[in-house]
There are 2 protein chains.
Amino acid sequence: MRHDVRVITTMQHGPRPADFTDVRATNLAVVLRYARANAPCSRADIAAATGLNKATVSSLVADLIDRRMLRETGLTEHRIGRPATQLVLDGSPYAAIGLEVNADYMTAVAIDLAGVQLLSWRRSFTGLDATPNQAATAIAALGRRAVSRMVKEGRKVLGLTVGVPGLVCADGIVRFAPNLGWRDVDLRASVTRALGEPDYPVTVENDANLAVLAESRYGSFTGTANLVYLTGEVGIGAGIISGGRLIRGARGFPGEIGHLAVDPRDRQCGCGRRGCLEAAAGISALIAAAMPDAGQVSDLEPEVAELVRRARSGDKTALDALTEAGRAIGHGVSILGNLLDPEVVVLGGYFVPLAPWLLPAANEELAARSVEPDHTATLAASTLGHGAAATGGAATILDHVDAGYLPHLSR
Amino acid sequence: MRHDVRVITTMQHGPRPADFTDVRATNLAVVLRYARANAPCSRADIAAATGLNKATVSSLVADLIDRRMLRETGLTEHRIGRPATQLVLDGSPYAAIGLEVNADYMTAVAIDLAGVQLLSWRRSFTGLDATPNQAATAIAALGRRAVSRMVKEGRKVLGLTVGVPGLVCADGIVRFAPNLGWRDVDLRASVTRALGEPDYPVTVENDANLAVLAESRYGSFTGTANLVYLTGEVGIGAGIISGGRLIRGARGFPGEIGHLAVDPRDRQCGCGRRGCLEAAAGISALIAAAMPDAGQVSDLEPEVAELVRRARSGDKTALDALTEAGRAIGHGVSILGNLLDPEVVVLGGYFVPLAPWLLPAANEELAARSVEPDHTATLAASTLGHGAAATGGAATILDHVDAGYLPHLSR
DNA sequence: TTTGTTTATTCGCCAGACGAACTAAATCTA
DNA sequence: TAGATTTAGTTCGTCTGGCGAATAAACAAA
């Protein structure tokens, strides 16, 4: 006797009953996701692939066309049988906006419903010099500019998400962001107010979490169900997707990989302890070790560029420091790997330009420390650039739509 | 404008459309779970608490009574208004069976649908002395005895799950179980055959995963959404529940905490590396360090009892070894805690009787190594005893029912 | 007894998925 | 060129099952 071991993911343990609108929402989302992944496609394709009845698919597609989420393009040609009307995702009437604040820059990204990037702005910003209030005002202003651009282009904004390098509660309050000097900042309230209490949801989220979501949707390892993203900023944090879902932890504090003890040199860390990953491979620490002549650094971007130059030219101090940081990263990733068994660990932020020198040492250390050296996680540099968290912020909004929360008809 | 941030958990990204039977299954499960948590309760209670219509609840309850999953008991008395008919979970017609093989014993547990334990058998068994085939035969025989007992008592068996200390594929093949000496053993096939190709599902699963599920259903921290269980057997493995879901990893290899480097003494481990947690706190290593006079140990249970005696009497060697093992555990848990941020880490297996001596050192080390010392995970000893994995195996079957896969009417 | 309160069932309504039959529009074949 | 074949999409009737309102039932309090 066969057993269908597929698990109903329908409901968690909350007492959430279902009714017919849930069926409809679920099926609309099924069609939408299929179209996103397989466009252009016909109604018949969708019916065949999803198992939905042809009549049902027609009804669902009509609904999505009404909402301007799908669009009919041409017909198929030169095929036997009646030609199929091709459907494509019509992303253009909608926009999702992601913002990011970090210690040294701010980013805004907007994408349409189809995931096409509509804008990508970056401005440098020294977070530690500003009060939380000033920073909130600045990020809100950036968000407002992005929103008004979208509105001007005739798009309906579906939502706006802000990424912050720190601990964020579900209610949008930033509990603690050491590299910004924030504590208990109600960023969501500030941004919502600055945007004039908009009718779309405004969310605040940890930057590593957003980055890993971006990576899973737009990175080189799209669709990987077990994925980790390491932020390579001043601090090092991990965003973790396991079983296709973001790990949030009990208090919103997972992914604190930056203060694992992995540094054989046992350097002093800003957190008060010794030997932390951040003290060995955090970008400030790395620059200090690789370019001891550099002195106090304020703007990191040119320093990293200089470090790349030195590494290219074979500067021994730089190469040694990079190797050692790579080893520390490999050690950290091996711990992650043994506990969580991800397919891929993506290095982001400033680690990306430095990856050619970090990865070999990291991979070596990773292999040496894995329980199953044949089955270690793949280490790779992100291809998304610095906007990863902002892109991820926008992506969460699309995820929400894809999960069945469709935007209402625009009248 | 308010936003409903509740996330539809209805569907994952697979193209699984929904129809009316899903609505029915979802709502039956909602009622069942409510009754499990709040029995005795009336139809009106259920309607009020779940938001389902009273008429719908009546229909759902009738269905569950038909299936003999609910039962009407008396009426409420001495209350204003019409008295309510009380409903209770009627677990007795159904049984779920969990088995466990370990290096030194085998366990069988059966529970009814209401979670009442129906039997709990334990027999010692030296796994390494037997061939995988002999072991599979032995565990299957134990399972068969449990099943026939249940059938004799007039219960319908809902499923049988076997826990194994090792890597198990989704198809029930044990890829690797070092402490049993197994590699690529198709345990599910063996057990299924021995049971005569039954019409209920037979599943094989990692023991730590089952134990953490048991802990989340029946332990002292029931309902905790972020929970870790550490097996304290010959090996040390972690079962991880995060966000209410079991972490499975990419290759089924998560929770490999036993080989993290946490031992300051850097002892040689059986895995070939040095300084592993298992080499510092695994029960065999711990006994060797705490009772250097003990020599080669075959049966662990009396040795652990002896160790408890010595610790009670203040034996310095024993206490020092326990403190050191506790520190190693605390270090390992701190790593887990920083990466996953669980509410609770439960120590199981042989750690339970030793907990009074392990926990103080472990907690101390944990606090010292946590990023947020005020918010560390709670460390506690399991209250479930050695049958945790077997109980968890039975619990997975109830979970499956609770998730909406109701048993069919017995005709 | 009457009134009020709470419980549970009955009944009609309606959303929406499904299957079958049907129409539509192409290519293939004789 | 006229079917025949093939594939696409719609129409229509059926059926499942949740919902709201009305109703019956059963008790306490006045």
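The chains referred to below are lettered A, B, ... by the order of the sequence lines, with proteins before strands, and numbering in each begins at 1. Side chains included, hydrogens not; waters and symmetry mates left out as well; all remaining heavy atoms used.
Distance, B:Leu52 CG to C:dA8 P: 15 Å, rounded to whole Å. Here the P atom of nucleotide C:dA8 and the CD1 atom of B:Ile65 are 11 Å apart, to the nearest Å. In this structure, A:Glu72 atom CD and D:dG9 atom P are separated by 8 Å, rounded to whole Å. Atom pair B:Leu28:CG and D:dT16:P shows a separation of 15 Å (rounding to whole Å applied).
The structure places OG of A:Ser92 at 10.5 Å from CD of A:Glu153, a figure rounded to the nearest 0.5 Å. A distance of 4.5 Å separates CG in A:Leu113 from CE in A:Met69, rounded to the nearest 0.5 Å. To the nearest 0.5 Å, the span separating CD1 on A:Ile46 from CG on A:Asn27 amounts to 12.0 Å.
Judged purely by atom type and a 3.5 angstrom limit, B:Thr26 uses its side chain to pair as donor or acceptor with the backbone of B:Asp22. The main-chain N or O of A:Pro407 is found under 3.5 Å from a side-chain atom of A:Arg67 such that the two form a donor-acceptor pair.
The side chain of A:Asp19 sits closest to D:dG18 out of D:dG18, C:dA8, C:dC18. Residue A:Phe20 places its side chain closer to C:dA15 than to any other of D:dT10, D:dA8, C:dA15.
A donor-acceptor contact under 3.5 Å links the side chain of B:Asn53 to the base of D:dG20.
Residue-to-nucleotide proximity on DNA chain C shows that, of A:Thr21 and A:Ala55, the 5′-proximal contact is made by A:Thr21. The 5' end of DNA chain D is approached more closely, in terms of each residue's nearest nucleotide, by A:Ser59 than by the other of A:Ser59 and B:Thr56.
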Close N or O pairs between protein and nucleotides 21-27 of chain C (under 3.5 Å):
{"residue": "C:dA25", "atom": "N3", "partner": "A:Arg82", "partner atom": "N", "Å": "3.3"}

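OP1 or OP2 of D:dT7 has not a single side-chain nitrogen or oxygen of A:Ser42 nearer than 4.0 Å. Phosphate contact (OP1/OP2 of C:dT7, side-chain N/O of B:Thr85, threshold under 4.0 Å): absent. The phosphate of C:dG16 has neither OP1 nor OP2 within less than 4.0 Å of any side-chain N or O from A:Asn27. Phosphate contact (OP1/OP2 of C:dA17, side-chain N/O of A:Arg24, threshold under 4.0 Å): present. Between A:Ser58 and D:dT10 there is a side-chain polar atom (N or O) within less than 4.0 angstrom of OP1 or OP2.
Nucleic acid contact for B:Ala84: sugar-phosphate only, since backbone atoms but no base atoms lie under 4.0 Å from a heavy atom of the residue. Heavy atoms of A:Ala44 sit under 4.0 angstrom from primed sugar atoms or phosphate atoms, though from no base atom.
In this structure, B:Phe20 and A:Phe20 have perpendicular ring planes: the angle between them is above 60°, well past the 30° mark.
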Query raised in the report: Between B:Asn226 and B:Thr224, does a side chain to side chain donor-acceptor pair (under 3.5 Å) hold up when you go through it step by step?
Result: CA-CA 6 Å; B:Asn226 301 276; B:Thr224 308; over 6 Å; no
